[in-house]
Q: 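The following block contains the structure, expressed as structure tokens.
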Amino acid sequence: MRQRDYKMVEVVNVVASGSLGVELDLEAIAGDLDDIVDYDPDNYPGAYFRFGDSAPLITLYRTGKYIVTGASSEEEAHTTREDFLNILTDHGILPSAEDEWFRVQNYVCMSQVGENLNLSALAIGLGLEVTEYEPEQFPGLVFRPSDHDCVLLVFGSGKVIITGATSIPAADEAFDSLRKHIEDLFS
DNA sequence: TGTTGAAACACTAATAAGATACAGTTTG
DNA sequence: CAAACTGTATCTTATTAGTGTTTCAACA
């Protein structure tokens, strides 16, 4: 297998979810953990947990299900979850074994193809049925490859956002595929 | 008309780049 | 004193989980 000499994807956001397997009284929890929990059921049914100013956010629901958003690595998602579970156990909420369901649902990654791109030409080259490009609405080209389970946003600067991937290798392969397409089309 | 279901919206994180809005400052 | 300019903020696109409410469709 040939050595990769190009830039791989950089993870910028991780979304993960799990379940405590217990029904909860969010009102009581929010009252108990006033300093780290925000809860406004009139506005949204989830209770927001945040450990620090720029730390990832955990949204906890009545059913015991929860979502971690804003982590910049899978490891950070896991450590945030551990902090969350520790706080809950300290307050007498014991998660059931069902919490093994914790899993990353979405990776948002960034990369760069290393050249400025003509997005109108790229849309035609990749195929109009798999691309959306309306620069008056949004400056990025939306690429939904048929052979990869994620979506790529491609910009004129050559920067690329890969979103919807459930693993880093999947994001990397999708980006690599796009990179090869661009290489074939413009050289 | 009542029921049922589906869909869309409320929210959150993060990134890209372009338009637009508005505040504040500098210049003629 | 008004026009010009700079800086900041918010919105556009996509993705994903979750629950509650609302809206709208179809059917009996």
Side-chain angles (χ1 to χ4, degrees), chain A residues 7-27 29-30 36-81 84 95 98-120 122-123 126 130-145 148-168 170-172 174-175 178:
Chain A
K7 196 172 187 284
M8 306 239 300
V9 299
E10 177 199 345
V11 178
V12 294
N13 183 28
V14 173
V15 181
S17 65
S19 174
L20 300 174
V22 201
E23 280 247 351
L24 302 165
D25 180 353
L26 294 181
E27 195 77 51
I29 293 167
I36 56 158
V37 178
D38 263 340
Y39 180 52
D40 180 9
D42 292 335
N43 187 245
Y44 191 72
Y48 300 121
F49 285 63
R50 206 188 298 261
F51 308 95
D53 240 6
S54 55
L57 179 80
I58 295 188
T59 312
L60 176 65
Y61 297 90
R62 193 209 76 235
T63 56
K65 291 182 180 176
Y66 60 92
I67 306 162
V68 179
T69 48
S72 47
S73 66
E74 184 173 358
E75 196 199 340
E76 193 184 17
H78 277 94
T79 57
T80 301
R81 166 183 174 250
F84 169 69
E98 201 192 313
D99 197 47
E100 288 163 31
W101 287 85
F102 188 75
R103 183 173 89 85
V104 174
Q105 303 284 357
N106 181 23
Y107 283 98
V108 183
C109 305
M110 193 172 55
S111 200
Q112 162 77 256
V113 292
E115 57 185 306
N116 287 345
L117 299 168
N118 177 343
L119 297 182
S120 304
L122 183 59
L126 291 172
V130 289
T131 55
E132 283 172 50
Y133 180 48
E134 286 171 71
E136 264 135 66
Q137 192 178 48
F138 187 71
L141 179 152
V142 180
F143 176 40
R144 297 172 204 272
H148 295 276
D149 201 14
C150 59
V151 175
L152 298 96
L153 309 179
V154 188
F155 296 87
S157 63
K159 289 190 178 170
V160 180
I161 301 295
I162 305 99
T163 187
T166 49
S167 73
I168 296 170
D172 204 55
F175 171 70
L178 169 71

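In what follows, chains carry the letters A, B, and so on, assigned in the order in which the sequence lines appear, proteins first and then strands, with residues in each chain numbered from 1. Nothing here was measured: the structure is a model prediction, and the numbers come from that model.
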Q: Round to the nearest Å and state the distance from L152(A) atom CG to dA17(B) atom P.
A: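 So the two atoms are 15 Å apart, to the nearest Å.
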Q: Give me the atom names and distance for the closest heavy-atom approach of P45(A) to L26(A).
A: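 Scanning both residues completely, I find the closest heavy atoms to be O-CD1, 3.5 Å.
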Q: Taking the nucleotide of DNA chain C with the closest heavy atom to each, which residue, T63(A) or P139(A), is nearer the 5' end?
A: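 Counting from the 5' end, the first nearest nucleotide belongs to P139(A).
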Q: Name the closest nucleotide to the F155(A) side chain, picking from dA17(B), dT16(C), dT15(B).
A: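 Within the option list, the nearest is dA17(B).
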Q: Pick the nucleotide of DNA chain B nearest each of P56(A) and G158(A); which residue has the one closer to the 5' end?
A: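 That would be P56(A).
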Q: Just to be sure I understand the rule, does V108(A) reach a base, reach only the sugar-phosphate, or reach nothing, if contact means heavy atoms closer than 4.0 Å?
A: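 Touches a base.
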Q: With nearest nucleotides of DNA chain B determined for T69(A) and G140(A) from heavy-atom distances, which residue corresponds to the more 5′ nucleotide?
A: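 The residue mapped nearer the 5' terminus is T69(A).
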Q: For the side chain of S157(A), starting at C-beta, report the closest nucleotide among dA17(B), dA13(B), dC11(B).
A: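 Output: dA17(B).
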Q: Taking the side chain of K159(A) as its heavy atoms from C-beta onward, which of dG18(C), dT15(C), dA17(B) lies nearest to it?
A: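 From the listed options, dA17(B) comes nearest.
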Q: Please pick, from dA16(B), dA13(B), dA17(C), the nucleotide with the shortest atom-to-atom distance to any side-chain atom of N13(A).
A: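 Of the candidates, dA13(B) comes closest.
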Q: Has S17(A) got a side-chain N or O lying under 4.0 Å from the OP1 or OP2 atom of dG18(C)?
A: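 Checking S17(A) against dG18(C): no side-chain N or O falls below 4.0 Å of OP1 or OP2.
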Q: Categorize L153(A) for me: base, sugar-phosphate, or nothing, with a 4.0 angstrom heavy-atom threshold over every strand shown.
A: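 Base, at least one base heavy atom under 4.0 Å.
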Q: Could you tell me how far apart E134(A) (CD) and dT13(C) (P) are, to the nearest whole angstrom?
A: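 In whole Å, dT13(C) P lies 10 Å from E134(A) CD.
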Q: Measure CG/D149(A) against P/dA14(C) and give the value in whole Å, please.
A: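 That distance rounds to 16 Å.
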Q: Here's a test for you: under ring-ring contact (aromatic ring centres under 6.0 Å, His included), which of F84(A), Y48(A), F49(A) qualifies with Y66(A)?
A: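 With Y66(A) as partner, ring-ring contact (aromatic ring centres under 6.0 Å, His included) holds for just one option, F84(A).
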Q: Closest approach to the side chain of T163(A), judged atom by atom: which nucleotide of dT15(C), dG18(C), dT15(B) is it?
A: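 Out of dT15(C), dG18(C), dT15(B), the nucleotide with an atom closest to T163(A)'s side chain is dT15(C).
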Q: Could you tell me whether a side-chain N or O of E134(A) sits under 3.5 Å from a main-chain N or O of E136(A), the two making a donor and an acceptor?
A: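 No; zero donor-acceptor contacts below 3.5 Å.
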Q: Hey, does L178(A) have a side-chain heavy atom less than 4.5 Å from the side chain of L126(A)?
A: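 The answer is yes, as the side chains (C-beta and beyond) meet within the 4.5 Å cut-off.
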Q: Looking only at side-chain atoms of Y61(A), point me to the closest of dA17(B), dA14(C), dG18(C).
A: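 Minimum distance to the Y61(A) side chain belongs to dG18(C).
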Q: Within the 4.0 Å heavy-atom criterion, would you say V151(A) contacts the bases, only the backbone, or no part of the nucleic acid?
A: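 Result for V151(A) = sugar-phosphate.
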Q: Is atom CD of E23(A) surrounded by more than 12 heavy atoms (other residues, nucleotides or ligands) closer than 6.0 Å?
A: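 Result for CD/E23(A): enclosed.
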Q: Of the listed nucleotides (dT16(C), dA17(C), dG18(B)), which one gets closest to any side-chain atom of I67(A)?
A: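 In terms of side-chain proximity for I67(A), the closest of dT16(C), dA17(C), dG18(B) is dA17(C).
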Q: Roughly, in whole Å, what's the span from CZ in F49(A) to P in dA13(B)?
A: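 So the CZ-P distance, F49(A) to dA13(B), works out to 16 Å.
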Q: Determine the interatomic distance between C1' on dA16(B) and the same-named atom on dT6(C); round to the nearest Å.
A: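 dA16(B) and dT6(C) have their C1' atoms separated by 23 Å.
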Q: Report the residue from V68(A), V104(A), T69(A) that forms a side chain to side chain contact (heavy atoms under 4.5 Å, CB included) with V14(A).
A: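 In the set V68(A), V104(A), T69(A), the residue that makes a side chain to side chain contact (heavy atoms under 4.5 Å, CB included) with V14(A) is V104(A).
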Q: Starting at CD of Q137(A) and ending at P of dC11(C), how long is that distance when rounded to a whole Å?
A: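 Result: 16 Å.
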Q: Do Y44(A) and dG18(C) share a donor-acceptor pair, side chain to base, under 3.5 Å?
A: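 Donor-acceptor pair under 3.5 Å: yes.
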Q: Could you check whether atom CG of D149(A) has more than 12 heavy atoms from other residues, nucleotides or ligands sitting under 6.0 Å from it?
A: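 At most 12 heavy atoms, drawn from other residues, nucleotides or ligands, come within 6.0 Å of this atom.
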Q: Provide, to the nearest angstrom, the distance between the CZ atom belonging to F143(A) and the C1' atom belonging to dT13(C).
A: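 In whole Å, dT13(C) C1' lies 16 Å from F143(A) CZ.
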Q: Check whether any side-chain nitrogen or oxygen of R50(A) sits under 4.0 Å from OP1 or OP2 of dA13(B), and answer yes or no.
A: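 Indeed, a polar side-chain atom of R50(A) lies that close.
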Q: Let's see if you can work this out: which of dT15(C), dG20(C), dC11(B) has an atom nearest to the side-chain heavy atoms of N43(A)?
A: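 Nearest listed nucleotide: dC11(B).
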Q: Using whole Å, report how far CZ of F138(A) lies from C1' of dA14(C).
A: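 Atom CZ in F138(A) sits about 8 Å away from atom C1' in dA14(C).
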Q: State which of dT15(B), dT12(C), dA17(C) makes the closest approach to the side chain of V15(A).
A: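 That would be dA17(C).
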Q: To the nearest Å, give me how far apart CE (M110(A)) and P (dA14(C)) are.
A: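 Taking atom P of dA14(C) as the reference, CE of M110(A) is at 20 Å.
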